[in-house]
**Student:** 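Sharing a structure, written as structure tokens. Questions coming.
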Amino acid sequence: GAGVSQSPSNKVTEKGKDVELRCDPISGHTALYWYRQSLGQGLEFLIYFQGNSAPDKSGLPSDRFSAERTGGSVSTLTIQRTQQEDSAVYLCASSLDGTGSTSQHFGDGTRLSIL
Amino acid sequence: QQQVKQSPQSLIVQKGGIPIINCAYENTAFDYFPWYQQFPGKGPALLIAIRPDVSEKKEGRFTISFNKSAKQFSLHIMDSQPGDSATYFCAASKGTYKYIFGTGTRLKVLA
């Protein structure tokens, strides 16, 4: 596709359930990022994938969060045993490479609501 | 030292006015400073970016001013329009993938 695609666009689930969020980056982009945006807040870095290198997971807030990227393309962010504080917009971005000087292109995010 | 402080939190201007959004940083190793525009329900979109070797960059009605000695940079929107109403984020990086984002400025341009 032309841009970064995320699904679902909205997800409502009960506390304690697991959720999976999907990101399809721009074709040819080797770098992929996940961010979390809470209401009225900035963007909180979660995880970064670059090619076949080990991902940088330093931003994941707890061991309930995990992510994988299969075949260097599609990525899935999984949140286990969801808590109400996990409610936020989860944004995915991709860039041509992993240098800071290449711009990151964002999807429209998944709005996650935990009841 | 990794923070980027953005102000103001919100801003209201009349159509045609020149809103100014400011960001300040501490880490002198930062070498790339992008600005992003975000409309409700959409992801952030890159607006304009600057490197510390220039003091000003213009793209259309958007201008970044950069003050290396003060470790500050700002976004100016000339002849602002109601369609510019959005949230604006500054960011900084130091040649790596990790952007440090400001907390955002919600701009409203009145018709």
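Below, read A as the first sequence line, B as the second, and so on, with proteins coming before strands; counting in each chain starts at 1.
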**Student:** With a 4.5 angstrom heavy-atom cut-off, which part of A:L91 approaches chain B: side chain, backbone, both or neither?
**Tutor:** side chain
**Student:** Please confirm whether the ring centroid of B:F101 lies under 6.0 Å from the ring centroid of A:Y35.
**Tutor:** yes
**Student:** With a 4.5 Å limit on heavy-atom distance, are the side chains of B:Y99 and A:Y33 in contact?
**Tutor:** no
**Student:** Could you grab the distance from atom CG of A:L43 to atom OG1 of B:T103, nearest 0.5 Å is fine?
**Tutor:** 11.0 Å
**Student:** More than 12 foreign heavy atoms under 6.0 Å from CG of A:L39: is that the case here?
**Tutor:** no
**Student:** Report yes if some heavy atom in the side chain of A:S103 is under 4.5 Å from a heavy atom in the side chain of B:Y32; otherwise report no.
**Tutor:** yes
**Student:** Pair A:Q104, B:Y36 - check side-chain contact (heavy atoms from CB on, under 4.5 Å), show working.
**Tutor:** CA-CA 10 Å; A:Q104 297 184 18; B:Y36 281 81; 3.6 Å; yes
**Student:** Do other residues, nucleotides or ligands put more than 12 heavy atoms under 6.0 Å from A:E14 CD?
**Tutor:** no
**Student:** Answer yes if A:V89 and A:F65 sit in the same cluster of Ile, Leu, Val, Met, Phe, Trp and Tyr residues linked by side chain heavy atoms under 4.5 Å apart, and no otherwise.
**Tutor:** no
**Student:** Side chain, backbone, both or neither: which part of B:P44 has a non-hydrogen atom closer than 4.5 Å to chain A?
**Tutor:**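 Looking at B:P44, backbone and side chain both touch chain A.
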**Student:** For B:D53, look at atom CG and say whether over 12 heavy atoms of other residues, nucleotides or ligands are found less than 6.0 Å away.
**Tutor:**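 More than 12 heavy atoms, drawn from other residues, nucleotides or ligands, come within 6.0 Å of this atom.
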**Student:** If you count the non-hydrogen atoms of other residues, nucleotides and ligands that lie under 6.0 Å from CD in B:Q9, is the total more than 12?
**Tutor:**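 Check fails, neighbour count at 12 or below.
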**Student:** Under 4.5 Å from any heavy atom of chain B, what part of A:S58 do you find: side chain, backbone, both or neither?
**Tutor:** side chain
**Student:** What part of B:Q38 is in contact with chain A, defined as an atom under 4.5 angstrom from a non-hydrogen atom: side chain, backbone, both or neither?
**Tutor:** side chain
**Student:** Look at A:Q50, A:E44, A:Q6, A:Q37 and state which one has the largest set of heavy-atom pairs under 4.5 Å with chain B.
**Tutor:**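 Max contact count across the listed options: A:Q37.
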